[in-house]
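Worksheet: one structure, shown below.
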Amino acid sequence: KPVWTCIETTHINSTVLPTPAQIRSEVWMAIIHGSRGLIYFVHEWVPSFSEPGILRYPANMAAVTSINAQIRDLAPVLNSPTIAGAVQVASSNGSIPMKTMVKQYNGATYLLAVSMRSGTTTASFTLSGFSGAATVEVLGESRTIPASNGAFSDGFTDYGVHLYKIAGSGATLPGVTLTATDAVASEAGGNTGTFTFTRTGSTASALTVNYTVGGAAASGVDYASIGT
């Protein structure tokens with residue numbers, strides 16, 4: 001099922017106001033963990049009720065505007081398939097785990113990364129399928145990082161988020177082909193046919209393949225039932 005995430009942007013009914021950095025972290029944590037939609041909770045009851053409460057806080061309003069603009073710009077990337085097993089990451093601070101997501105779009109690889117705890121750490125990333133020197137663009141931060149054979153490092157502080165773009169595809173999407181390796185079959189004489197599924201690309205993680213059985217022959221009558 002598609003998952004949507006509600007992001008707090010005001011006091012709601014407490015004395016704590018989320019900062020722009022916290023709002024950004026929550027948004028990208030949600031996306032990296034698979035959320036397909038966002039809802040910004042903008043109401044608040046403290047210090048008094050306001051339905052468009054976020055308008056009281058220009059910095060938070062500016063943050064949401066900027067975050068949404070970046071998500072809109074990256075929409076084709078975010079809506080592309082996630083590449084499983086395409087990156088390895090190590091955190092220099094063992095108490096701060098990292099969460100990542102890898103996408104490929106228009107000849108480039110995108111790595112989305114967030115630190116999942118407060119504190120400071122250096123994350124070391126290794127993207128599979130890359131060789132030689134490359135330049136990593138840190139999106140929205142006006143800086144680049146050199147990479148060698150798909151490996152580079154960057155610093156993260158207090159639930160920090162960095163979005164990276166690297167020219168080239170690196171690891172490729174797994175693919176599945178279906179071939180009728182024995183296309184002739186008949187009920188008479190027990191002549192069976194054979195279909196072969198072949199997987200290509202990375203085998204670093206499990207891959208679920210859904211297929212549909214069709215045709216005039218009836219499953220379980222004209223041939224033994226086939227699972228899907």
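Residues I31 and V138 are members of separate hydrophobic clusters, defined by side-chain heavy-atom contacts under 4.5 angstrom among Ile, Leu, Val, Met, Phe, Trp and Tyr. Note on V42 and V46: separate hydrophobic clusters, where clusters join Ile, Leu, Val, Met, Phe, Trp and Tyr whose side-chain heavy atoms are under 4.5 Å apart, directly or indirectly. The hydrophobic cluster containing V77 does not contain V87, counting ILVMFWY residues as joined when their side-chain heavy atoms lie under 4.5 angstrom apart, directly or transitively. Tracing side-chain contacts under 4.5 Å through hydrophobic residues (I, L, V, M, F, W, Y), one reaches Y40 starting from Y159; they form part of the same cluster. Using a 4.5 Å cut-off between side-chain heavy atoms of Ile, Leu, Val, Met, Phe, Trp and Tyr, with links allowed through other members, W4 and V64 fall into different hydrophobic clusters.
Surrounding CZ of R117 are at most 12 heavy atoms belonging to other residues, nucleotides or ligands under 6.0 Å away. Crowding of F195 atom CZ: a count of heavy atoms from other residues, nucleotides or ligands under 6.0 Å not exceeding 12. More than 12 heavy atoms of other shown residues, nucleotides or ligands fall within 6.0 angstrom of atom CD in E141.
Annotation: side chain of V27 is in contact with side chain of I71 (closest heavy-atom distance under 4.5 Å). Contact check for Q22 versus V16: no side-chain heavy atoms found under the 4.5 Å cut-off.
What you find for R56 and S48 is that their closest heavy atoms are NH2-OG, 2.8 Å. Shortest non-hydrogen contact noted between G119 and I96 is C-CD1, 3.5 Å. Between N191 and V184, the shortest heavy-atom contact is ND2-O, 3.5 Å. In terms of heavy-atom proximity, A123 sits nearest to F156 at CB-CE1, 3.7 Å. The two residues G53 and T10 have their closest heavy-atom pair at C-CG2, 3.8 Å. The nearest pair of heavy atoms linking V161 to V114 is CG2-CG2, 3.7 Å.
Of the possible donor and acceptor atoms, none in the side chain of H162 sits under 3.5 Å from a partner among the backbone N and O of L111. Although no hydrogens or angles enter the test, the distance criterion places a donor-acceptor pair under 3.5 Å between the side chain of S115 and the main chain of G160. Of the possible polar contacts, one joining the S35 side chain to the V3 backbone as a donor-acceptor pair under 3.5 Å is found. Between the side chain of S25 and the main chain of A21, a donor-acceptor pair closer than 3.5 Å is present.
Atom NE2 of H11 is separated from atom CD of E44 by 6.0 Å, given to the nearest 0.5 angstrom. N79 contributes atom CG, which lies 7.5 Å from atom NZ of K103 (distance to the nearest 0.5 angstrom). Annotation: the span from I83 atom CD1 to S128 atom OG amounts to 9.5 Å, rounded to 0.5 Å. Between the CD atom in E51 and the CH2 atom in W45 there is a gap of 9.0 Å [rounded to 0.5 Å]. Taking CG of N149 as the reference point, atom CZ of F130 lies at 11.0 Å (rounded to 0.5 Å). Note that the CD1 atom of I39 and the OG1 atom of T9 stand 12.5 Å from one another [nearest 0.5 Å].
Using cut-offs of 30° and 60° for the angle between ring planes, the F152 and F125 rings count as tilted.
N93 and S95 share a donor-acceptor pair across their side chains, judged by distance under 3.5 Å alone. There is no side-chain donor-acceptor pair under 3.5 Å between K165 and T109.
The salt bridge (charged side-chain N to carboxylate O under 4.0 Å, His left out) pairs that include a residue from residues 16-37 number zero, where partners must be two or more places apart or lie in different chains.
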Practice item. Give the intermediate values and the outcome of side chain to side chain contact (heavy atoms under 4.5 Å, CB included) for residues K99 and H33. Key: CA-CA 8 Å; K99 182 67 176 179; H33 281 85; 3.5 Å; yes

Verdict with reasoning, N60 to L17, per side chain to side chain contact (heavy atoms under 4.5 Å, CB included): CA-CA 9 Å; N60 285 6; L17 179 69; 3.8 Å; yes

TODO: Take T121 and M98 through the side chain to side chain contact (heavy atoms under 4.5 Å, CB included) test and state the conclusion after the steps.
DONE: CA-CA 9 Å; T121 190; M98 301 294 303; 4.2 Å; yes

- Evaluate the criterion side chain to side chain contact (heavy atoms under 4.5 Å, CB included) for residue pair L74 and L163; output intermediate values, then yes/no. CA-CA 10 Å; L74 290 172; L163 313 176; 4.1 Å; yes

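Under the rule for a side chain to side chain donor-acceptor pair (under 3.5 Å), the partners of S118 that lie at least two apart in sequence or sit in another chain are D158.
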